[in-house]
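By convention in this document, chain letters (A, B, ...) are assigned in the order of the sequence lines, proteins followed by strands, and residues within each chain are numbered from 1.
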There are 2 protein chains.
Amino acid sequence: MNIYDVSEKAGVSIATVSRVINGSANVSSKTREKVLAVMEELGYTPNVFARGLGLNTMNTIGIMCADSSDPFLANAVYYLEQNLRKNGYDSFLCCTGYELSTKQNYLKLLLSKRVDAIILVGSNFLEAAKKDNQYMIDAANEVPVMLINGYLAHPNIYCTLCDDYQAVYDGTIRLIEAGYRRPLFLYCSRSYSALQKLSGFRDALSASGLPAPEESVCLCANDIAQTKELLCSLKGRGLVFDAVFGAEDSLAVGAVKYAREQGLRIPEEFAVVGYNNSMLAVCSEPELTSIDNHVETLSITTVSTLMRVLGGNDVPNKTTISNELVVRGTARL
Amino acid sequence: MNIYDVSEKAGVSIATVSRVINGSANVSSKTREKVLAVMEELGYTPNVFARGLGLNTMNTIGIMCADSSDPFLANAVYYLEQNLRKNGYDSFLCCTGYELSTKQNYLKLLLSKRVDAIILVGSNFLEAAKKDNQYMIDAANEVPVMLINGYLAHPNIYCTLCDDYQAVYDGTIRLIEAGYRRPLFLYCSRSYSALQKLSGFRDALSASGLPAPEESVCLCANDIAQTKELLCSLKGRGLVFDAVFGAEDSLAVGAVKYAREQGLRIPEEFAVVGYNNSMLAVCSEPELTSIDNHVETLSITTVSTLMRVLGGNDVPNKTTISNELVVRGTARL
DNA sequence: GATAAAAATGTAAACGCTTACAAAATGTAA
DNA sequence: TTACATTTTGTAAGCGTTTACATTTTTATC
């Protein structure tokens, strides 16, 4: 069944049917109703391919996410999808993994699918590593690119960030003021966002006049058990620390596990702060004090920014949203 | 740039270029190489819409998932996406939520996008509620429908399940044999899969000669805190129970929280078993004993079954995969 | 009622590909 | 060499829309 069947049954031309489908103004209401009725009766659905051929768009946004089983990313994907849909867009999802070449392939694929824009969540793009980002820049020359918690300077790249630097800075200051003089910062990727957090931590240490040795900051795997092991071995090697600030909740949970194993009382002897305020935070025992980076707001903002970009508006390339420290049992700040 | 540009530059007809694109056998290797070289040089990518118009397919599978932020579903989506990609298929993701009418709309949308098949993960379809499932049946008349952990009898619906009934039955028996004579079963949706688990629990009780009062089974919200509250109020109302079998890990974590609040020693005085062996299981303290339903295998099997279906093979409508009880701190079985 | 302007509708040409069928080139056997 | 089968290539007709432009109908003005 196609537009001809509808036009015939409705006694109008295909152009008129097309106009009705596309909500064009130049159709008399009598005609419109008749056509709509026929479409309903026949159960007609326009062929997306033919439509795409004519319009060269399919109202689809490509979402790239390294790993949709990460709770933060999964949440973001969920809210993005929801909000895109609300705005009449569909989404292609790609779970790219963390490898550069794979990401490049996925990106090519999305572009070949003629997506109207690309949203990248949990990107690893570093301002520094220009050459690794070139492919993203190339993409931005074709379609708008939205970065969630990532930053790349380009007129067609729009970034939505929560102020990771400030969040960690403030959190660390509060930890220190609460008496934890030897905090340790754990992170598990060299993403833009992670590096922001790192700087926040370092700056808070120096602002407080505390020593900030290289060992007060540690790159580890995004895994509860491995984080625990790492902390045990650090302790074994004589490192002294009385608190852990994790760049992800999973790392913080690892720290909680470590403290339990060492018999340290939380939060009296040992404090832990996480990041994302994910479901892990309330699962942990004691529950995690964690920074809530408002993933829903982040997603909603990204989508609404994108809609404005697609609408041809002039839009700032960087939007920062708020976050907040949620205090629970692992650190009474 | 289109196929004409390539054909002209390569000095062949567009039909030949098309044959090269589609890997047709009837092209001399000399010609093929020349065309490929030109495509490479021009950076040519076939237009998916035109392609779709001709072939009436875009090599895309629709994935419907109620809530991609649920860890189990998120994992499934991740593995599905990965495996589809490996097989040359792309995926449209829809996060449908749990409401029937919304699901129906999403389904319509996917069909209108001309997906080649639909994968439904964490479906709520109950064999009983025929009329609620009619729309799925309608879809199955158009394209193959894959159900993960769901069941619906239809020649074009293919179900991949882990044996939830047996898993819970066996787990419950082991709980009882370990001395917990008053287990409570918690579940949070009336999905096919949940009801299977429920039966397994009930049958295990009666097989053990234990009473199975109505209150030994309880429907609750999929939320840690609410589950804890529920258990507290049950206890307050005089219900006696010494173990909880949760149909989801989150419910089990709620039970762990309950036990802590009540000062019950786990697992000596109170045992907990979860389901899915998700990240929550290792986050909990003590870590959850949980049934691992092998989400990766479930996803891989679903995709490979789908590939066989799309390849025109005769495929059984029901595939059951194994699961296993992972014993950790909340129940030493 | 005639005329001009505005609104509604129709015609036909894209859009970029696939593929049935026709034609040409090549290979094989006598 | 010829006759015929096989492989390779080309031609042209779709696929189902959108939309510029042409045409017809309606409305407004005098």
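Of the listed nucleotides (dT19(D), dG16(D), dG10(D)), dG16(D) has the atom at the smallest distance from the side chain of Asn47(A). For Ile21(A), the listed nucleotide lying nearest its side chain is dT18(D); candidates were dT9(D), dG16(C), dT18(D). With distances taken from any side-chain atom of Val12(B) to the nucleotides dA20(D), dG10(D), dC17(C), the minimum falls on dG10(D). When the nucleotides dG10(C), dT19(C), dC17(C) are ranked by their closest atom to the side chain of Tyr44(B), dC17(C) comes out on top. Among the nucleotides dG16(C), dG10(D), dT17(D), the one closest to the side chain of Leu53(A) is dG16(C). Comparing dG16(D), dC17(C), dT19(D) against the side chain of Ile3(B) picks out dC17(C) as the nearest. Here the nucleotide nearest the side chain of Asn2(A), chosen from dT19(C), dG10(C), dG16(D), is dG16(D). For Tyr4(A), counting side-chain heavy atoms from C-beta on, the closest listed nucleotide (dT18(D), dT17(D), dG10(C)) is dT17(D).
Of the nucleotides present, dT2(D) is the one that pairs with dA29(C) by Watson-Crick or G-U wobble criteria, both distances under 3.5 Å. Across the strands present, dT9(D) finds its partner in dA22(C); the criterion is a Watson-Crick or G-U wobble pair with both atom distances under 3.5 angstrom. Pairing of dA28(D), defined by two Watson-Crick or G-U wobble distances under 3.5 Å, is identified with dT3(C).
Close to dT9(C), at under 4.0 Å from its OP1 or OP2, lies a side-chain N or O of Ser28(A). Ser18(B) has no side-chain polar atom (N or O) that falls below the 4.0 Å cut-off from OP1 or OP2 of dT19(C). Distances shown here put a side-chain N or O of Thr16(B) below 4.0 Å from the OP1 or OP2 atom of dG10(D). Note on Thr31(A): a side-chain N or O is less than 4.0 Å away from OP1 or OP2 of dT9(C). Phosphate proximity of dT18(D) to Asn22(A): present, with a side-chain N or O under 4.0 Å from OP1 or OP2.
Separating the CZ atom of Phe49(B) from the C1' atom of dT18(D) is a distance of 14 Å, rounded to the nearest angstrom. Between Arg51(B) atom CZ and dG16(D) atom C1' the separation is 18 Å, expressed in whole Å. Here dT9(D) presents its C1' atom at 10 Å from CG of Asn26(B), a figure rounded to the nearest Å. Protein atom CG of Asn56(B) is 13 Å distant from nucleotide atom C1' of dT17(D), rounded to whole Å. The distance between atom CG of Leu55(B) and atom P of dT18(C), rounded to the nearest whole Å, is 6 Å. Spacing between atom CG of Asp5(A) and atom P of dT17(D) amounts to 9 Å, rounded to whole angstrom units. Taking atom CZ of residue Arg19(B) and atom P of nucleotide dC17(C), one finds them 15 Å apart after rounding to whole Å. Between the C1' atom of dA13(C) and the CD1 atom of Ile14(A) lies a distance of 11 Å, rounded to the nearest Å.
No donor-acceptor distance shorter than 3.5 angstrom exists from the side chain of Ser91(B) to the backbone of Leu93(B), with no hydrogens or angles considered. Ser18(B) places no side-chain N or O within 3.5 Å of a backbone atom of Ile14(B) that could act as its donor or acceptor partner. Of the possible donor and acceptor atoms, one in the side chain of Asn156(B) sits under 3.5 Å from a partner among the backbone N and O of Ala140(B). In this structure, Ser299(A) contributes its side chain and Val295(A) its backbone to a donor-acceptor pair below 3.5 Å.
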task: Take Thr57(A) and Arg114(A) through the side-chain contact (heavy atoms from CB on, under 4.5 Å) test and state the conclusion after the steps.
output: CA-CA 6 Å; Thr57(A) 162; Arg114(A) 298 290 202 277; over 6 Å; no
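Ser24(A) and Asn26(A) form no side-chain donor-acceptor contact under 3.5 Å, judged by distance and modelled atom types alone.
Annotation: of the two residues near DNA chain D, Gly54(B) and Gly11(B), the 5′-most nearest-nucleotide partner is Gly11(B).
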